[in-house]
Student: 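One structure, pasted below without further comment.
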Amino acid sequence: MAVGYDRHAVLSGVDLSITRGTFTGLLGANGSGKTTLLKAIAGILQPLAGKITFHPPATLGYVPQRDQLDPVYIFSAFEVALMGVCGRVGPARRIGRSEREQVHQCLEQTGADSFARKRFAELSGGQRQRVLIARALAAEADFLLLDEPTAGIDAATTRSIMELLLRLNRERHLTVLMVNHDLAAMRQYAGHIVWVRDGRLVEGPVNEMLRQDRIAELLHLQFS
């Protein structure tokens with residue numbers, strides 16, 4: 001498979017299988033193609049060649065980077081999370097009480113219900129991420145795709161969000177694929193690593209991929 005923009009392949013020869021129920025970290029340098037691959041899996045970008053299949057079919061929940069959202073968003077946190085049900089309810093159909101109650105449950109699961117009435121734009125980075133994860137859960141997703149959900153967030157909030165995702169992975173058996181630059185967090189929480197390098201993918205178990213010598217090889221660096 002090849003993915004990219006305007007007929008220009010950012011990644012080619014992609015051959016990747018993700019096992020259901022796993023927690024996978026997607027790593028690589030800035031501009032290496034991580035977000036492009038994530039968008040292709042999410043269906044936002046069509047592959048330039050090849051195809052993406054899910055066996056059995058999966059419901060996807062996509063959590064974009066925070067800076068991709070308009071900072072003057074006028075919606076409340078609850079209304080942002082409510083967007084997650086739109087794909088299931090369908091266009092021009094009324095969102096009923098049961099769907100609204102479900103969204104409140106999703107916000108409770110992510111620890112975001114206490115600020116559900118606040119404007120999304122007024123929330124902290126960590127609070128916004130919790131709301132966006134709740135939005136993905138409201139879509140009844142069984143496969144979460146997250147693009148740097150802990151970028152620009154303090155260590156305590158990062159740990160809280162990572163623990164939340166690990167709990168969802170274990171208790172609800174959600175498949176998690178996360179773009180992240182935090183090697184320490186990936187070493188602690190992920191079970192599998194996919195590393196994007198030179199337009200190709202290198203993958204393996206976390207204890208193999210994040211060994212110091214392996215990281216040095218992938219980054220073309222030498223540790224003293």
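Numbering of residues begins at 1 and proceeds along the displayed sequence.
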Student: Can Leu177 and Leu26 be said to form a side chain to side chain contact (heavy atoms under 4.5 Å, CB included), step by step?
Tutor: CA-CA 7 Å; Leu177 177 61; Leu26 184 57; 4.2 Å; yes
Student: With rounding to the nearest 0.5 Å, note down the distance linking CG in Leu165 to CG in Leu174.
Tutor: 9.0 Å
Student: By salt bridge (charged side-chain N to carboxylate O under 4.0 Å, His left out), which residues pair with Arg187, not counting sequence neighbours?
Tutor: none
Student: Would you say Arg167 and Leu164 make side-chain contact, with heavy atoms under 4.5 Å?
Tutor: yes
Student: Is there side-chain contact between Asn30 and His181, with at least one heavy-atom pair below 4.5 Å?
Tutor: yes
Student: Grab the two heavy atoms, one from Gly61 and one from Ala136, that are nearest each other, plus how far apart they are.
Tutor: CA-CB, 3.8 Å
Student: Give the C-alpha distance, both sets of side-chain angles, the deciding distance and a yes or no for side chain to side chain donor-acceptor pair (under 3.5 Å) between Thr59 and Asp142.
Tutor: CA-CA 6 Å; Thr59 302; Asp142 49 24; 4.7 Å; no
Student: Measure the shortest side-chain to side-chain distance between Gln129 and Pro149 over non-hydrogen atoms and say whether it is less than 4.5 angstrom.
Tutor: yes
Student: Is a donor on one side and an acceptor on the other found under 3.5 Å between the side chain of Lys34 and the backbone of Ala29?
Tutor: yes
Student: How close do Ala138 and Val85 get, counting heavy atoms only, and between which atoms?
Tutor: O-CG1, 3.7 Å
Student: Is any side-chain heavy atom of Arg135 closer than 4.5 Å to a side-chain heavy atom of Val63?
Tutor: no
Student: His173: which residues meet the side chain to side chain contact (heavy atoms under 4.5 Å, CB included) condition with it, sequence neighbours left out?
Tutor: none
Student: Could you measure the distance from the CG atom of Leu132 to the CE atom of Met83? Nearest 0.5 Å is fine.
Tutor: 9.5 Å
Student: Could you walk me through whether His192 and Val206 pass the side chain to side chain contact (heavy atoms under 4.5 Å, CB included) test, one step at a time?
Tutor: CA-CA 5 Å; His192 196 81; Val206 65; over 6 Å; no
Student: Can you find a heavy atom in the side chain of Ile193 that is under 4.5 Å from one in the side chain of Val202?
Tutor: no
Student: Taking salt bridge (charged side-chain N to carboxylate O under 4.0 Å, His left out) as the test, write out the residues that go with Glu163, two or more places apart.
Tutor: none
Student: Kindly write out the residues that satisfy side-chain hydrogen bond (donor to acceptor under 3.5 Å, both in side chains) with Thr24, not counting sequence neighbours, or none if the list is empty.
Tutor: none
Student: When you look at Val131 and Leu123, which way does the side chain to side chain contact (heavy atoms under 4.5 Å, CB included) test go after all the steps?
Tutor: CA-CA 10 Å; Val131 172; Leu123 302 180; 3.9 Å; yes
Student: If you define the side chain from C-beta out and look only at heavy atoms, does anything of Tyr62 sit under 4.5 Å from Leu38?
Tutor: yes
Student: Would you please test Leu219 and Trp195 for side chain to side chain contact (heavy atoms under 4.5 Å, CB included) and show each step?
Tutor: CA-CA 10 Å; Leu219 293 177; Trp195 200 298; 3.6 Å; yes
Student: Under the rule for side chain to side chain contact (heavy atoms under 4.5 Å, CB included), what residues qualify as partners of Ala184, not counting sequence neighbours?
Tutor: Asp182
Student: Taking distance alone, no hydrogens or angles, what donor-acceptor pairs closer than 3.5 Å link side-chain atoms of residues 1-8 to residues at least two apart or in another chain?
Tutor:
| residue | atom | partner | partner atom | Å |
| --- | --- | --- | --- | --- |
| Tyr5 | OH | Thr36 | OG1 | 3.0 |

Student: Test of understanding: with side chain to side chain contact (heavy atoms under 4.5 Å, CB included), list the residues that count as partners of Asp198, not counting sequence neighbours.
Tutor: His220
Student: Measure the spacing between CD1 of Ile161 and CD1 of Ile153 and express it to the nearest 0.5 Å.
Tutor: 4.0 Å
Student: Once side-chain hydrogen bond (donor to acceptor under 3.5 Å, both in side chains) is applied, do any residues pair with Arg214, and if so which ones, sequence neighbours excluded?
Tutor: Glu217
Student: Are any non-hydrogen side-chain atoms of Arg100 and Phe78 less than 4.5 angstrom apart?
Tutor: yes
Student: Could you grab the distance from atom NZ of Lys118 to atom OG of Ser124, nearest 0.5 Å is fine?
Tutor: 8.5 Å
Student: Atom CE of Met178 and atom CG of Leu145: how far apart are they, to the nearest 0.5 Å?
Tutor: 11.0 Å
Student: Among pairs that include at least one residue of residues 103-112, which meet side-chain hydrogen bond (donor to acceptor under 3.5 Å, both in side chains), considering only residues two or more places apart or in two chains?
Tutor: His104-Asp113, Gln109-Arg172
Student: Could you list the residues that satisfy side chain to side chain contact (heavy atoms under 4.5 Å, CB included) with Thr53, not counting sequence neighbours?
Tutor: Lys51, His55
Student: Quick check: closest heavy atoms across Leu107 and Ala134, and the distance to 0.1 Å?
Tutor: CD2-CB, 3.7 Å
Student: Please identify each residue that fulfils side-chain hydrogen bond (donor to acceptor under 3.5 Å, both in side chains) with Ser160, with sequence neighbours left out.
Tutor: Arg130
Student: Run the side-chain donor-acceptor check on residues 10-23: report pairs under 3.5 Å with partners two or more places apart or on a different chain.
Tutor:
| residue | atom | partner | partner atom | Å |
| --- | --- | --- | --- | --- |
| Arg20 | NH2 | Pro56 | O | 2.2 |
| Thr22 | OG1 | Thr19 | O | 2.6 |

Student: Side chains of Met186 and Leu210: does their closest heavy-atom pair fall under 4.5 Å?
Tutor: yes
Student: If I take atom CG from residue Leu27 and atom CG from residue Leu201, how far apart are they, to the nearest 0.5 angstrom?
Tutor: 11.5 Å
Student: Cation over ring, Arg119 on Phe75, under 6.0 Å and within 45°?
Tutor: no
